[in-house]
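Below, read A as the first sequence line, B as the second, and so on, with proteins coming before strands; counting in each chain starts at 1. Keep in mind that the numbers below use all heavy atoms, side chains included, and drop hydrogens, waters and symmetry copies.
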2 protein chains.
Amino acid sequence: MNIGEASGASGVSAKMIRYYEQIGLIAPKGRTESNYRVYGEEEVHVLRFIKRARSLGFSLDETETLLKLWQDKSRTSSAVKEIATTHINDLERRIAEMQGMVKTLKHLSHCCGGDHRPDCPILDDLAGESAA
Amino acid sequence: MNIGEASGASGVSAKMIRYYEQIGLIAPKGRTESNYRVYGEEEVHVLRFIKRARSLGFSLDETETLLKLWQDKSRTSSAVKEIATTHINDLERRIAEMQGMVKTLKHLSHCCGGDHRPDCPILDDLAGESAA
DNA sequence: TGTAAGGCTTCCCATCATGGGAAGGTCAAG
DNA sequence: CTTGACCTTCCCATGATGGGAAGCCTTACA
């Protein structure tokens, strides 16, 4: 399987597959005489694993750890669960942060006429001149 | 005022102040004979504006636009409100995305024993072998 | 068999916002 | 006059991804 076919089969772009190889996440099964990367079903499986982990928001670092655990038959599920829990906490922290921004912005937007006049509570807030 | 003092007064690091200057967001009032940047209250005010905009999640591009609107006395509040609304929508989209991740991860975590055994629904999901 | 299209290779660059650090000039206090 | 704390510019790194160029390889078709 060429890199293009592996890309199609996994949903990971060829560009990214090469990058993952560069950072040591996954290696091709081998190379052809003309130096083309060759992949098999196993590699495609790994690429799908990576893609799924990324779609759940895991960093490539975390993904690498998960990948190693996946391939380590003597792993403990607690090790995996810990990574997931940490990640959930991180996501929830970031969600809360953004929700705070949204709350403030909605309040300011609500107070802003949104018309042809220049008066704007949003700018007043940014300028530290909020009436509140 | 030196860059260090301006940094202290605005809460923006000296590194960032120089960067904002480089990308055209803000210029010092002038330079001393020995080439030190000189800032006044007005510049500090602008730096605080930038900092507040950043803390509400606006990109530097959006911040630049807001800054220009702030300084444009003939602006319309609708122009500002539109930027804010777009940003709110963007934040909400990202929040929803992360909430989806959290939901999935919590489900998987809940199903994972988190013990000394290797069986792990989280890894099974990543590997595309989820029982679901 | 020749050629054209499209896929592969490596290498460099850009993003976005921020920080780290080196090398060298300047200033103020002791 | 020295020392330490500042300032200057310049280069590099982050994380994950995409863009694109230059050059080689393969496949399909005339």
Which residue in the set B:L47, B:V46, B:I17, B:L60 passes side-chain contact (heavy atoms from CB on, under 4.5 Å) when paired with B:L25? B:L60

Under the rule for side chain to side chain contact (heavy atoms under 4.5 Å, CB included), what residues qualify as partners of [X], not counting sequence neighbours?
X      : result
B:K68  : B:E64
B:D119 : B:R117
B:K103 : none

May I have the distance from A:I23 (atom CD1) to D:dA16 (atom C1'), rounded to whole angstrom? 9 Å

Can you list every pair that meets ring pair (Phe, Tyr, Trp, His ring centres under 6.0 Å) and has a residue in residues 51-91 of chain B, with sequence neighbours left out? B:H45-B:W70, B:F49-B:W70, B:F58-B:H87

Shortest non-hydrogen contact between [X] and [Y], atoms and distance:
X      : Y      : answer
A:L56  : A:L91  : O-CD1, 4.3 Å
A:P121 : A:C111 : CG-O, 3.2 Å
A:T63  : A:A53  : OG1-CB, 3.7 Å
B:T76  : A:H116 : CG2-O, 3.3 Å

Could you list where the contact with chain A starts and ends along DNA chain C, reading 5' to 3', using a 4.0 Å heavy-atom cut-off? C:dG7 to C:dC11

For DNA chain C, which residues in residues 8-22 of chain A have a heavy atom at a distance below 4.0 Å? A:K15, A:R18

What donor-acceptor contacts under 3.5 angstrom involve side-chain atoms of residues 3-10 of chain B, with partners at least two apart or in another chain?
from, atom 1, to, atom 2, distance (Å)
B:E5, OE1, B:N2, N, 2.8
B:S7, OG, B:V12, O, 2.7
B:S10, OG, B:A6, O, 2.8
B:S10, OG, B:S7, O, 3.4
B:S10, OG, B:V12, N, 3.2

Which ones in [range] lie close to DNA chain D, meaning a heavy atom under 4.0 Å from one of its atoms?
range                      : result
residues 58-68 of chain A  : A:S59, A:L60
residues 24-53 of chain B  : B:R31, B:N35, B:Y36, B:R37
residues 88-105 of chain B : none

By ring-ring contact (aromatic ring centres under 6.0 Å, His included), B:Y36 pairs with (sequence neighbours left out) none

Would a distance-only check, ignoring hydrogens and angles, find a side-chain to backbone donor-acceptor pair under 3.5 Å from B:S109 to B:K106? no

Pair B:D115-A:S77, side-chain donor/acceptor within less than 3.5 Å: yes

Under a 3.5 Å cutoff, is there a donor and acceptor pairing between the side chains of B:D61 and B:S59? no

All pairs passing salt bridge (charged side-chain N to carboxylate O under 4.0 Å, His left out) where residues 24-40 of chain B contributes a residue, at least two apart: B:E21-B:R31, B:E21-B:R37

